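Comments concern the structure below.
Remember, predicted model here, so these are calculated numbers, not experimental data.
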Amino acid sequence: MMFTLVRFIFAVLIVGIIYAIFNKKFKPMTRKKWTLLIIELFIVIMLSSSLLLELSFLKFINIEKAIQYRYSCDQILKVIETNETSFIIYKDDDSYSYAYLKKYDNKWGYTSTITNFKHMYW
């Protein structure tokens, strides 16, 4: 929940900076400018929500907390753990899903979103 607020503030700051850079004369806001500003804000919020950049920096003390943060997990069914990664099978409402986590020293975290994006599309 807190990261939703952080994402929103981040989006407002980014759009505000972009607006300040391109609007050097500080003309009054027209209906068209307000509409464009709202569309830009919506796009930035959607991108920041879909990429989940904070997962690259967050580390959790156990696997359960990491899974609870990202997924709406009802029950963790099986954890297959190695020295560097873990594979988790969990129940989510009426379906079964899986996730994997990487071990960073004594903490668990997700792999970089950019790395996952790169593997999916290149």
Side-chain angles (χ1 to χ4, degrees):
M1 184 66 183
M2 185 63 165
F3 285 102
T4 304
L5 178 63
V6 171
R7 281 189 207 111
F8 180 75
I9 292 171
F10 173 74
V12 169
L13 286 174
I14 294 294
V15 171
I17 291 169
I18 291 170
Y19 178 74
I21 290 170
F22 290 113
N23 190 16
K24 294 180 182 177
K25 297 179 183 178
F26 294 105
K27 294 178 183 175
M29 293 287 285
T30 61
R31 182 182 221 90
K32 184 178 177 181
K33 285 186 181 180
W34 275 111
T35 305
L36 288 173
L37 191 67
I38 290 171
I39 291 171
E40 290 170 9
L41 186 61
F42 179 74
I43 290 170
V44 171
I45 288 172
M46 295 312 297
L47 282 174
S48 68
S49 295
S50 64
L51 289 178
L52 298 174
L53 295 175
E54 77 272 2
L55 291 179
S56 301
F57 306 107
L58 284 177
K59 306 300 179 253
F60 300 91
I61 57 172
N62 59 27
I63 293 172
E64 290 81 15
K65 289 190 180 205
I67 294 296
Q68 292 289 329
Y69 176 80
R70 184 158 184 198
Y71 305 105
S72 60
C73 169
D74 292 339
Q75 177 184 11
I76 294 177
L77 302 174
K78 181 80 173 167
V79 176
I80 303 168
E81 197 173 319
T82 65
N83 291 336
E84 297 177 3
T85 59
S86 67
F87 182 78
I88 301 105
I89 301 171
Y90 62 93
K91 187 175 182 183
D92 185 18
D93 295 329
D94 292 332
S95 64
Y96 296 94
S97 300
Y98 66 91
Y100 65 95
L101 298 172
K102 187 173 181 181
K103 193 169 192 176
Y104 299 95
D105 295 326
N106 291 328
K107 295 188 177 188
W108 294 96
Y110 293 92
T111 57
S112 170
T113 306
I114 303 302
T115 305
N116 290 342
F117 183 78
K118 190 173 167 185
H119 288 297
M120 285 176 10
Y121 296 105
W122 282 284

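In this structure, CD1 in I67 is found 7.0 Å from OG in S86, a value given to the nearest 0.5 Å. With rounding to the nearest 0.5 Å, the separation of NZ in K103 from CD in E84 is 10.0 Å. Here the CG atom belonging to L101 is positioned 14.5 Å from the NZ atom belonging to K107, to the nearest 0.5 angstrom.
Residues forming a ring-ring contact (aromatic ring centres under 6.0 Å, His included) with F42 (at least two apart in sequence, or on another chain): none. In this view, L13 and I9 satisfy the side chain to side chain contact (heavy atoms under 4.5 Å, CB included) rule, not counting sequence neighbours. The side chain to side chain contact (heavy atoms under 4.5 Å, CB included) search around I17 returns I21, not counting sequence neighbours. Partners of T82 according to the side-chain hydrogen bond (donor to acceptor under 3.5 Å, both in side chains) rule, which considers only residues two or more places apart in sequence or in another chain, are T85. Qualifying ring-ring contact (aromatic ring centres under 6.0 Å, His included) partners for Y98, counting only residues two or more places apart in sequence or in other chains: F87. Scanning for side chain to side chain contact (heavy atoms under 4.5 Å, CB included) contacts around E64 gives N62, I76, with sequence neighbours left out.
A 4.5 Å side-chain heavy-atom check between I63 and W108 finds at least one atom pair inside the cut-off. Looking only at side-chain heavy atoms (C-beta outward), I80 and K78 come within less than 4.5 Å of each other.
Each of L41 and M46 belongs to its own hydrophobic cluster when Ile, Leu, Val, Met, Phe, Trp and Tyr are linked at side-chain heavy-atom distances under 4.5 angstrom.
Annotation: cation-pi pair K59/Y104 present, NZ/CZ under 6.0 Å from the ring centroid and within 45° of its normal.
Counting only distance, with no hydrogens or angles, the side chain of Y110 and the backbone of A66 share a donor-acceptor pair below 3.5 Å.
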For side chain to side chain contact (heavy atoms under 4.5 Å, CB included), just list the numbers for Y100 and I88, CA-CA rounded to whole Å, side-chain angles, deciding distance to a tenth of an Å, and then say yes or no. CA-CA 6 Å; Y100 65 95; I88 301 105; 5.8 Å; no

